[in-house]
Amino acid sequence: MEEENKQGSEETASQGGSRRNFVRDIIDEDLKTGRYNTVHTRFPPEPNGYLHIGHAKSICLNFGTAKDYQGLCNLRFDDTNPTKEDVEYVESIQEDVRWLGFDWGDRMYYASDYFDKLYEYAVALIRKGKAYVDDLNADQIREHRGTLTEPGKDSPYRNRSIDENLDLFERMRKGEFPDGSKTLRAKIDMSSPNINMRDPVMYRILHATHHRTGDKWCVYPMYDWAHGQSDSMEGITHSICTLEFEDHRPLYNWFVDQLGIFRPRQIEFARLNLTYTVMSKRRLLQLVHEGHVRGWDDPRMPTISGLRRRGYTPESVRLFADRIGVSKADSVIDVSVLEDCLRADLNKRARRVMAVLHPIRVVIENYPDGQVEELEAVNNPEDESMGTRKIPFSKVLYIEQDDFREDPPKKYFRLSPGAEVRLRYAYIIKCVGVVKDPQTGLITELRCTYDPDTKSGSPASQRKVKGTIHWVSAEHAVDAEARVYDRLFNVPDPGGENWKSSLNPDSLEIVKGCRLEPGLAKAKPQDRFQFERLGYYCVDDESTEGHLVFNRTVTLRDTWAKIESK
RNA sequence: UGGGGCGUAGCCAAGUGGUAAGGCAGCGGCCUUUGGAGCCGCCAUUCGUAGGUUCGAAUCCUGCCGCCCCAGCCA
């Protein structure tokens with residue numbers, strides 16, 4: 001309790017954070033009253049898709065909370081529907097959880113590990129007269145279920161004898177009946193105001209091959225039947241899930257109470273929504289399958305693998321989870337929160353380099369032909385221990401097209417005819433001429449002079465100019481491709497049926513012919529840099545030494561862009 | 001017209017009867033060889049709303065309003 005005065009300290013999230021939230025309040029209470037004396041959580045994904053940033057919130061909550069209470073968190077695959085699941089997904093999920101920095105030790109489980117036990121439990125319920133085999137088909141079950149305002153009707157098969165139920169269920173298991181012809185249902189209350197209690201289906205017949213149990217089973221448990229017992233068997237004390245399972249809780253409690261087994265406490269929280277993206281598995285799957293993106297790990301996807309390829313760090317995602325908090329109120333987080341977490345992290349650790357994405361040639365007229373100077377540049381002004389490096393300077397350079405305006409607007413601090421600007425780590429130059437292509441009228445070259453007394457670091461370099469721009473020596477530059485990513489959707493909430501109409505057609509701009517400082521020639525996939533004044537970039541997985549490819553992770557804050565847009 | 005939840009700033013979110021934390025966004029300023037980073041200041045007389053209880057209410061009570069979820073043999 002004496003830790004509470006620390007709650008104001010931000011930026012300390014390294015393993016899930018320690019902010020106060022209602023989940024922790026409940027856990028504290030349970031520990032105090034002795035309802036439980038340890039904290040054991042679990043992250044239970046269905047292996048039917050890739051994990052996204054919303055799962056990251058849940059992972060940080062489950063693993064982070066367990067860790068902070070010196071408890072444990074299991075990884076469990078809820079693989080109860082063989083028609084939708086695949087090993088491809090179980091592998092990617094493990095990779096993503098590990099990448100985020102969490103460890104399940106030797107506690108990786110599958111709901112399918114429990115199929116035998118679940119079957120036994122079902123038989124026990126039948127023997128108690130609490131479950132029965134129903135011959136109604138799916139349509140008939142729906143008709144008997146009633147509506148939100150009207151009670152349901154009992155199935156005509158509801159009062160079969162225990163022996164008949166036992167026999168039928170056994171034969172269902174053996175595969176004697178076709179898919180959909182029978183189900184095993186819990187016998188609860190067809191008139192319950194909670195529809196989940198109206199004799200929910202526990203088992204359906206599915207002659208399907210399961211990715212782990214093969215053809216052993218012809219019946220598969222429904223999630224509602226498998227989940228609570230799985231938690232119970234694993235000794236999960238706090239079963240944290242999302243809001244939509246709130247009214248399934250009475251059912252889960254009913255099952256464990258009927259079976260007389262350990263009862264976990266379920267706690268529901270609001271799932272994450274983010275602006276300018278979609279989060280449902282169905283829609284993400286659609287984006288991939290319809291080719292709107294290049295795959296699950298496309299850097300524009302809100303998937304964990306997409307964020308990773310985009311250049312996000314695990315630390316930044318954990319910081320994000322900590323900042324947004326946990327509550328039960330439906331919410332939509334502004335994507336700028338995520339971006340700010342990333343910048344906060346990368347600012348401290350990314351090496352600064354100079355890269356010109358849209359080059360324009362600059363000739364320094366009064367600089368000696370053939371001369372090359374090695375200038376010293378700092379690798380990270382936020383972290384002196386990252387040292388310095390040498391970069392070559394010569395007569396012919398490239399600067400960013402956007403750093404020159406023939407007709408500059410007010411408050412434009414960069415280069416324009418007659419104006420002076422500092423070349424970062426080098427000299428102050430002045431534009432003395434503009435060369436244009438006589439056919440097109442486009443600028444092909446800038447003629448400049450430099451002031452030899454203004455070399456960076458020299459005692460006489462004190463002269464101030466308004467602007468400083470980045471550059472790269474033409475003859476030393478290395479070539480690269482930049483993939484400039486922007487938000488996938490151009491509206492904050494791409495909801496509704498028409499969601500694909502707000503897909504941003506400019507979410508990816510491929511820029512070829514970028515010129516980079518020579519040290520970048522050997523950059524390897526996943527290396528992250530700050531391209532000075534532009535943003536953070538990482539080397540794409542497809543990059544090779546002969547063909548460098550950089551992904552724009554996120555831009556720097558650009559106050560000039562803000563001023564100019566007014 | 002059933003059941004379960006949720007309403008604190010543009011977006012999140014603390015707050016648990018003693019007089020509205022923090023973050024993001026925004027705005028203004030300082031500083032700066034990244035228009036980066038950093039720093040300073042501003043940004044809810046009021047907590048969906050109307051009453052009630054109380055010396056005192058975002059916190060307790062009552063009514064009303066709004067939003068989300070539930071009628072898969074999906075999870």
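The chains referred to below are lettered A, B, ... by the order of the sequence lines, with proteins before strands, and numbering in each begins at 1. This is a predicted model, so every value here is computed, not measured.
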Looking at every strand, decide which applies to [X] at a 4.0 Å heavy-atom threshold: base, sugar-phosphate, or nothing.
X      : value
A:E532 : base
A:R198 : nothing
A:F320 : nothing
A:V326 : sugar-phosphate
A:E150 : nothing

Pick the [atom1] atom in [N] and in [M], then give their distance to the nearest Å.
N      : M      : atom1 : answer
B:rC74 : B:rC67 : C1'   : 26 Å
B:rC43 : B:rA20 : C1'   : 14 Å
B:rG22 : B:rG15 : C1'   : 12 Å
B:rG48 : B:rU8  : P     : 6 Å
B:rG17 : B:rA75 : C1'   : 43 Å
B:rG10 : B:rC47 : P     : 14 Å
B:rC11 : B:rG52 : C1'   : 34 Å
B:rU45 : B:rG4  : C1'   : 36 Å

Notebook entry, point to check: Taking O4'-C1'-N9-C4 for purines and O4'-C1'-N1-C2 for pyrimidines, is B:rG72 syn (within 90° of 0) or anti?
Noted result: syn
Next item on the list: Classify the ring geometry between A:F43 and A:H55 as parallel (under 30°), tilted (30 to 60°) or perpendicular (over 60°).
Entry: perpendicular
Counting N and O atoms only, with roles assigned by atom type, does the side chain of [X] sit under 3.5 Å from a partner on the main chain of [Y], one being a donor and the other an acceptor?
X      : Y      : answer
A:K182 : A:F169 : no
A:R351 : A:N379 : no
A:R528 : A:Y312 : yes

Does OP1 or OP2 of [N] have a side-chain N or O of [X] closer than 4.0 Å?
X      : N      : answer
A:T559 : B:rG36 : yes
A:S327 : B:rA13 : yes
A:K562 : B:rG26 : yes

Quickly work out the [X] [atom1] to [N] [atom2] distance and round it to whole Å.
X      : N      : atom1 : atom2 : result
A:Y412 : B:rG35 : OH    : C1'   : 11 Å
A:R271 : B:rC67 : CZ    : C1'   : 17 Å
A:F269 : B:rC12 : CZ    : P     : 16 Å
A:N21  : B:rG23 : CG    : P     : 19 Å
A:N273 : B:rC67 : CG    : P     : 17 Å
A:D334 : B:rA9  : CG    : P     : 15 Å
A:R557 : B:rC27 : CZ    : C1'   : 15 Å
A:L272 : B:rC24 : CG    : C1'   : 14 Å

Please state whether the base of [N] and the side chain of [X] form at least one donor-acceptor pair under 3.5 Å?
X      : N      : result
A:E564 : B:rG35 : no
A:R323 : B:rG22 : no
A:R533 : B:rU34 : no

Item checked: Under 4.0 Å protein heavy-atom contact, by nucleotide of nucleotides 70-75 of chain B - B base, S sugar-phosphate only -> BBSBSB
For the side chain of [X], counting heavy atoms from C-beta on, which of [options] is nearest?
X      : options                : answer
A:E382 : B:rU33, B:rG35, B:rG36 : B:rG36
A:D330 : B:rC68, B:rA13, B:rG35 : B:rC68
A:V337 : B:rG35, B:rG23, B:rU1  : B:rG23
A:D558 : B:rA14, B:rG35, B:rA25 : B:rG35
A:K411 : B:rA13, B:rG35, B:rC6  : B:rG35

Before we go on, tell me: are the rings of [X] and [Y] under 6.0 Å apart, centre to centre?
X      : Y      : value
A:W225 : A:F255 : yes
A:F115 : A:H210 : yes
A:Y110 : A:F77  : yes
A:F22  : A:F269 : no
A:W560 : A:F413 : no
A:Y537 : A:F550 : no

For [N], which nucleotide in any strand shown is its Watson-Crick or wobble partner with both distances under 3.5 Å?
N      : answer
B:rG38 : B:rC30
B:rG2  : B:rC70
B:rG7  : B:rC65
B:rU19 : none
B:rC60 : B:rG52

Checklist line | Listed partners of A:Y50 passing ring pair (Phe, Tyr, Trp, His ring centres under 6.0 Å), at least two apart | finding: A:Y89, A:W296
Next item on the list: Would you kindly compare A:I324 and A:E246 by the position of their nearest RNA chain B nucleotide and give the one closer to the 5′ end?
Entry: A:E246
